[in-house]
Amino acid sequence: MKSHLFICTNTKTDGESCGAKGSTVLRDAVKKQCHMKLGKSKEYRVNASGCLGKCEEGIAAVIYPEGKWFTKLLNTDIEKLVAAVEESMKR
């Protein structure tokens with residue numbers, strides 16, 4: 001696998017959480033858009049994750065193998081994350 005994107009979908013009962021900010025909608029949309037642009041492939045994955053510890057910074061995501069973090073995401077930042085997956089796969 002060349003690229004693995006984790007998007008926090010955790011919902012906390014106390015305090016801010018990515019799940020409460022629409023991260024599940026974001027993950028679903030990114031996964032769908034990646035399938036449309038890149039095809040269904042074992043070369044990348046887009047997954048929900050538990051808490052990444054950055055909920056106060058908006059929706060959080062991290063892509064590997066780069067270890068690049070994305071924070072302050074909105075559930076409309078689909079293209080930004082799809083582009084990150086595409087770039088990661090070129091490495």
Side-chain angles (χ1 to χ4, degrees):
M1 179 177 332
K2 292 182 179 180
S3 180
H4 201 161
L5 176 67
F6 293 95
I7 301 173
C8 176
T9 58
N10 187 51
T11 300
K12 298 178 184 176
T13 56
D14 59 335
E16 293 187 58
S17 66
C18 295
K21 296 174 185 169
S23 62
T24 300
V25 170
L26 177 62
R27 188 207 60 98
D28 291 346
V30 170
K31 190 170 192 169
K32 181 179 179 179
Q33 191 66 22
C34 280
H35 286 169
M36 288 173 52
K37 284 185 125 180
L38 305 171
K40 291 187 178 183
S41 170
K42 294 185 180 191
E43 295 296 312
Y44 72 90
R45 301 241 3 222
V46 176
N47 288 104
S49 77
C51 186
L52 296 173
K54 297 185 180 281
C55 293
E56 67 283 349
E57 297 179 45
I59 298 172
V62 62
I63 192 165
Y64 290 103
E66 293 87 347
K68 181 178 179 183
W69 284 88
F70 300 89
T71 57
K72 300 179 181 161
L73 294 168
L74 302 173
N75 63 10
T76 55
D77 284 324
I78 301 158
E79 288 303 319
K80 180 179 188 174
L81 294 176
V82 171
V85 171
E86 287 180 298
E87 185 62 32
S88 179
M89 289 182 62
K90 292 177 184 176
R91 297 172 190 242

For this session: Check N10 against G50 and note the closest heavy-atom contact, atom names and distance.
Result: CB-C, 4.0 Å
Exercise. What pair of heavy atoms forms the shortest contact from E56 to G53, and how long is it?
Worked result: OE2-O, 3.9 Å
Seminar exercise, completed: Which of T11, I59, T9 passes side-chain contact (heavy atoms from CB on, under 4.5 Å) with S17? Answer is T11
Only pairs under 3.5 Å count here: list side-chain donor-acceptor contacts from residues 1-8, not counting sequence neighbours, and write none if there are none.
| unit_1 | atom_1 | unit_2 | atom_2 | d |
| --- | --- | --- | --- | --- |
| S3 | OG | S88 | OG | 3.2 |
| H4 | NE2 | N47 | OD1 | 2.5 |

Problem set entry | Inter- and intrachain pairs under salt bridge (Lys or Arg N to Asp or Glu O under 4.0 Å), touching residues 6-21, at least two apart | E16-K21
Exercise. Quick one: do V30 and M89 end up in the same hydrophobic cluster if we chain Ile, Leu, Val, Met, Phe, Trp and Tyr together by side-chain heavy atoms under 4.5 Å apart?
Worked result: yes
Exercise. Partners of K31 by side-chain hydrogen bond (donor to acceptor under 3.5 Å, both in side chains), sequence neighbours excluded?
Worked result: none
Exercise. Does V25 sit in a hydrophobic cluster with other residues, and if so which ones, taking ILVMFWY side chains as linked at heavy-atom separations under 4.5 Å, directly or through other members?
Worked result: none
For this session: Give every residue pair that meets the ring pair (Phe, Tyr, Trp, His ring centres under 6.0 Å) criterion with at least one member in residues 14-33, sequence neighbours excluded.
Result: none
Side-chain donor-acceptor contacts of residues 67-81 below 3.5 Å, not counting sequence neighbours, with atom names and distances?
| unit_1 | atom_1 | unit_2 | atom_2 | d |
| --- | --- | --- | --- | --- |
| T71 | OG1 | E57 | OE1 | 3.4 |
| D77 | OD2 | L74 | N | 2.8 |

Exercise. If you round to the nearest 0.5 Å, how far is CG of L52 from SG of C18?
Worked result: 6.5 Å
For this session: Starting at CD of Q33, measure out to CE of M36 and round the result to the nearest 0.5 Å.
Result: 5.0 Å
